[in-house]
Structures are given as C-alpha cells and as structure tokens.
Visitor: 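Here it is, the structure, as structure tokens.
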Number of protein chains: 2
Amino acid sequence: MIASSRNSLNFKTIVSKIFYLCFIMARLIEFDEEQAIQKAMEVFWKKGYAATSMRDLTDAMQINSSSLYNTIGDKHRLFVRCIKHYIKMRIDAVEQRYISFASPIQALESFIKDAADIITTEPNSCLCVKATFEIEGDDPEIQAIITSYDNFTHRFLKDLVEKAQSQHQIGQNENADTVADYLVSTFIGWYNSFILHQDRNKILNMADFIIRQLRC
Amino acid sequence: MIASSRNSLNFKTIVSKIFYLCFIMARLIEFDEEQAIQKAMEVFWKKGYAATSMRDLTDAMQINSSSLYNTIGDKHRLFVRCIKHYIKMRIDAVEQRYISFASPIQALESFIKDAADIITTEPNSCLCVKATFEIEGDDPEIQAIITSYDNFTHRFLKDLVEKAQSQHQIGQNENADTVADYLVSTFIGWYNSFILHQDRNKILNMADFIIRQLRC
DNA sequence: TTAATTTTGAAACGTTTGTTTTAAAATAAG
DNA sequence: CTTATTTTAAAACAAACGTTTCAAAATTAA
C-alpha cells in the first residue's frame, strides 16, 4: 500500500505552534518552503513516487530530513504538496494564457497546439498522469486531487466546445461533455506516444487531425 | 536507475547447463515456469515495478528466491519476462479474434468497442502503459519491447484503416498512419479516464464518438 | 545575560530491500 | 550403493529504506 503511515501534525505539535505564534519567538525556519517543494516536485516528476527515496528528496531540497519532517511531514505529505504545486503551476499557466481569446474555436485550436507543444518539448511527461498510473486506486487522497484537476481541464474545454457550438464554429451534433472527455484522453495518449517514439511529427500530425475533425 | 545490476547467465552457468543437457541428469526443476511468470506478472501489473518487492514476487510465485535466481534471474530479468508474457497474451487475443472479419470497418468498430470493454472491465489498467510511464526512458530494454508491441497494434489498425479507405467505407482524405496513431493514443487516454472517474459510460460515449468521426 | 523555545545537522533507529550463500534433499548415471 | 550434479529451503548479507532521536546552534522575550 502506497498510502500508509501518514503521520500528519499531532496535537502536541499544533499546541506548540500556537504557543510559538502567540508568545515566544525562537529560531526561525531557514529554508524557503516554496523553493524546496519545487525541487522535490522535480525529483518526483522525473522518478515517480516509489522510486524516489527520502535521500533523493532531501538532497534536492538541500534540507535535513528532520527539518522536512518538522515542517511538511513524511514522504506522502510531501508528495501531496508536490502534486498540488504542480497542478497550481498548470492551472495558473492556462488561466494566464486564456484570459481572453478572439473566438472559442481559436482558443480550442491554441489549446490543442499548446498541448502538443508541451508534450514534445518538456523533459518529462505529466506528473499527474504518471502518478495516476502508479497509484491506480491505492491512494485516494492523491487520486482525488488529480481528479479535481482533470475536472478543471474538462470544464475548461467543455465550455469552449459549447461556445464554439453556439457560435456555429464547430458541428452542433456532438455532446460537449463527450468531446471534452475525448480531447483530454487524446492528450494523455500523446504523452505515451512521445515516450515510446520520441517523434514530434507524430504528435503534431495528430493535433492537426483533431482540429480538422472538430471543424466538421 | 531502474535498469541496473542485471546479472544474466554467466559463463560458468552456461557451461554447467550444457553439461547438464548432454551428460548428466540430476534433480529436475520442480516449479512450472510459465505458471510462475503468470503469477509474477499479476503482481507487477497491480503494483508496478518499483513498488513490487522480491518477497511479493516469490510469495505469489510460490518459489524460493534461490530457485528464481537460478532459473529466471534477477528482478529486472523477471520483469522483462512478465512484460513479454503480457504482450504475448494480448497479441494472441487480437490475432484469434481478428483472423477474419466481414469488413474492415466492422473490424475497426469491433476493435474500438473491445478496447472500451477491456478498459472498463479489467481490474487493472494496461501493464505496458503503466510501465511506460514508470520507466520513461530509464530502461531501454523494457521500452524497446513495449514499443514493438505498440508498433504491432499500430500496423494492425493502419492496415484496417487503409483497407476501409480503399473500400470507401471511411473517408479517404486522412493519412492512415495518423489515424492509427490517434486511435492508439485515445485508448491509452481511456485508461487514465477510467482510473480517475470509474465511469464506464464516459468510455462508451467516447467509443461511439470515435466511430462516428471515423465514418465521415 | 538568562531562560525559553525551535530549528538544525548528524547519527542512529529498526525494517525492508535485492541478492547470495550454504547445506540438505533429490535425482540419475555408473 | 556410490558418485556427481542440481534444485531447493532457510538463513544470512550488506545496503538502502523511511523515520526518529538528540544535542548543539539559533533566536528573542524578559
């Protein structure tokens, strides 16, 4: 079981934290937690959960394991933080890029091409996809977090599909939910294809193909 | 590195094997190797490579680790055997089911529906997809095996698409290579979707959607 | 400065890891 | 039966695992 032995903050720790905040100032935490999470995320992203050791993590984060356990918690708590950090990065990027767009169909096309580009240029595949296949039902907490990210992407795409349909930019016969599901599924398949074949053109051709299909 | 320390058969072992076959009959191997590989495969399939321990494997295979190392080799050799065994199962199933079919388009539709059915009814997702995301470039041997399986499926689908095109059962404008790539990608995305949402209807709707898209 | 408190670094903890060794059991030719 | 050889089971192996302990360093209110 991946999801075992998660000792989060206990009562004693919480009480001492409150005391710390209200009355007494002692030694301050030296390391930058955000930065450390970023480093840990990169390790998990490359190696996966089980294949990453605590030594790998503390080496990358440049902190001692006692500091890690004092602030963030055990390996699983850290993984949760890293997954959340990764998702926040991704959502922020999407929301920044798609604040406004000329038309829904153009936004859809951009999104598809962006996906193809990310998949064929980043050094690793998607941390969430890797985690999903690694845990596969054995870690409800991680799965719930990833599912909610999946839902975000789904809503985003479904919304664009509906708008494009109502503006007669794409066919109106298909169910927007299904089209959104199908787009998300395809992107995930692209990760797999690119790992196996390292063939950027394969992915770009599929992106063009999907865009053509959407238009009719 | 996943793919380290693979001590395969050394010279001494090979020589003694030859002696064994030519001259001397001693104690025979007791356990059924095929059966043991099947059991090991099931464990890897459920837990992944890194999260599976040698104790997990020898418990499932019901053999002692010394027997395992004597016959099959180390953990990585065993994983190779299990992946090959899995692929053989899959290829055999496809070749049995698709020896003959009324028409290319019907075969394509069947294949898509079969994929949807397998994905939504089997207890685990695809061993090869899990392995691909787990190793991601760190294990050339496993990756080559999985890639050749991917190529098999690709050729099978491309062949059907070409035949369906030449018989005017589907549109002839699209490149058969790209359509085959895109079908494979989509199936892999379905595994991800089903892990996260456990929603069979999502997958069936996407299967219907793809079939409709193919026809035009 | 003293007292109170926390973070830190290093070492240590008991398990579990993948793998090897060792000796006994099994087999069959001579 | 003896001899030669192999497979097996159990124990042992060092290394690595995730986690905890503990004393020293750091900090600041009093």
Side-chain angles (χ1 to χ4, degrees), chain A residues 1-10 12-33 36 40 43-44 47-80, chain B residues 1-10 12-33 36 40 43-44 47-80:
Chain A
M1 266 284 280
I2 289 173
S4 61
S5 78
R6 306 168 191 171
N7 55 349
S8 59
L9 300 172
N10 57 19
K12 184 185 145 202
T13 315
I14 291 165
V15 166
S16 68
K17 294 260 169 191
I18 293 168
F19 260 81
Y20 164 78
L21 288 170
C22 295
F23 304 108
I24 293 148
M25 293 296 289
R27 186 174 179 180
L28 296 167
I29 296 173
E30 280 178 8
F31 73 95
D32 180 342
E33 200 166 303
V43 181
F44 279 131
K47 310 184 66 160
Y49 181 77
T52 298
S53 74
M54 290 301 281
R55 261 90 173 174
D56 293 334
L57 293 165
T58 50
D59 285 355
M61 299 165 87
Q62 302 221 64
I63 61 171
N64 192 272
S65 62
S66 67
S67 300
L68 178 54
Y69 277 84
N70 260 339
T71 52
I72 292 161
D74 63 11
K75 187 185 179 187
H76 189 270
R77 293 314 320 155
L78 177 56
F79 190 53
V80 168
Chain B
M1 263 287 277
I2 288 173
S4 62
S5 77
R6 306 169 192 172
N7 55 348
S8 57
L9 298 174
N10 58 20
K12 186 185 143 204
T13 314
I14 291 166
V15 167
S16 68
K17 294 261 168 191
I18 293 167
F19 260 82
Y20 165 76
L21 287 169
C22 295
F23 303 108
I24 292 149
M25 292 297 287
R27 185 175 179 179
L28 296 167
I29 295 174
E30 280 178 7
F31 73 95
D32 179 343
E33 200 165 302
V43 180
F44 279 131
K47 308 186 66 160
Y49 181 77
T52 298
S53 74
M54 291 301 282
R55 263 88 176 174
D56 292 334
L57 293 164
T58 49
D59 285 356
M61 299 165 85
Q62 300 221 65
I63 61 170
N64 192 275
S65 63
S66 67
S67 299
L68 177 55
Y69 276 84
N70 259 340
T71 52
I72 293 162
D74 63 10
K75 188 186 177 185
H76 189 269
R77 296 308 327 150
L78 177 56
F79 191 52
V80 169

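Convention: sequence-line order gives letters A, B, ...; per-chain numbering from 1. For the numbers below, each heavy atom of this structure counts, side chains included, while hydrogens, waters and symmetry mates do not.
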Visitor: What is the minimum heavy-atom distance between Met61(A) and Ala36(A), and which atoms define it?
Guide: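 What the structure gives for the nearest pair is CG-O, 3.4 Å.
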
Visitor: Could you tell me how far apart Ile72(A) (CD1) and dT19(D) (C1') are, to the nearest whole angstrom?
Guide: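 So the two atoms are 15 Å apart, to the nearest Å.
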
Visitor: Do the side-chain N or O atoms of Ser53(A) get closer than 4.0 angstrom to the phosphate oxygens (OP1, OP2) of dA16(D)?
Guide: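 No.
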
Visitor: Pick base, sugar-phosphate or nothing for Thr58(A), based on heavy-atom distances below 4.0 Å to the nucleic acid.
Guide: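 Thr58(A): no heavy atom of the nucleic acid under 4.0 Å.
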
Visitor: Give a yes/no on whether any side-chain N or O of Ser67(A) is located under 4.0 angstrom from OP1 or OP2 of dT7(C).
Guide: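 No, no such contact exists.
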
Visitor: For the pair made of OH in Tyr69(A) and P in dC22(D), what is the distance, rounded to whole Å?
Guide: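 Whole-Å distance recorded here is 17 Å.
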
Visitor: State which residues pass side-chain contact (heavy atoms from CB on, under 4.5 Å) with Thr52(B); sequence neighbours excluded, sorted by chain then number.
Guide: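 Partners of Thr52(B) under the side-chain contact (heavy atoms from CB on, under 4.5 Å) test: Val43(B), Phe44(B), Lys47(B), Asp56(B), Leu57(B).
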
Visitor: Validate the cation-pi geometry between Lys75(B) and Tyr69(B): distance from NZ or CZ to the six-membered ring centre under 6.0 Å, angle to the ring axis within 45°.
Guide: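 Cation-pi check for Lys75(B) and Tyr69(B): fails.
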
Visitor: Would you check if the side chain of Asp74(A) reaches a backbone N or O of Arg77(A) as a donor-acceptor pair within less than 3.5 Å?
Guide: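 Between the backbone of Arg77(A) and the side chain of Asp74(A) there is a qualifying donor-acceptor contact (under 3.5 Å).
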
Visitor: Between atom CD1 in Ile63(B) and atom P in dT19(C), what is the gap in whole Å?
Guide: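 Taking CD1 of Ile63(B) and P of dT19(C), I get 14 Å after rounding.
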
Visitor: Rounded off to whole Å, could you give me the CG-to-P distance for the Leu68(A) and dT19(D) pair?
Guide: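 It works out to 9 Å between those atoms.
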
Visitor: Over how many whole Å does the gap from Leu57(B) atom CG to dT16(C) atom C1' extend?
Guide: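 About 14 Å, once rounded to whole Å.
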
Visitor: Measure the distance from CD on Glu33(A) to P on dT8(C) and round it to the nearest whole Å.
Guide: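 That distance rounds to 10 Å.
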
Visitor: Counting only N and O atoms by type, is there a donor-acceptor contact under 3.5 Å from the side chain of Ser67(B) to the main-chain atoms of Ile63(B)?
Guide: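 Looks like no, no N/O pair under 3.5 Å.
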
Visitor: Counting only N and O atoms by type, is there a donor-acceptor contact under 3.5 Å from the side chain of Thr58(B) to the main-chain atoms of Met54(B)?
Guide: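 Between the backbone of Met54(B) and the side chain of Thr58(B) there is a qualifying donor-acceptor contact (under 3.5 Å).
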
Visitor: For Arg77(A) and dT19(D), give me the distance from atom CZ to atom C1', rounded to whole Å.
Guide: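 Distance, rounded to whole Å: 16 Å.
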
Visitor: Within the sub-3.5 Å range, which N or O atoms of nucleotides 10-15 of chain C have a protein N or O partner, and how far apart are they?
Guide:
residue, atom, partner, partner atom, Å
dA10(C), N7, Asn64(A), ND2, 3.2

Visitor: Measure from NZ on Lys75(B) to C1' on dG18(C) and round the result to the nearest Å.
Guide: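 Computing the Lys75(B):NZ to dG18(C):C1' distance gives 8 Å.
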
Visitor: Excluding sequence neighbours, so at least two apart, what forms side-chain contact (heavy atoms from CB on, under 4.5 Å) with Asp59(A)?
Guide: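 If we apply the side-chain contact (heavy atoms from CB on, under 4.5 Å) test to Asp59(A), skipping adjacent residues, there are no hits.
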
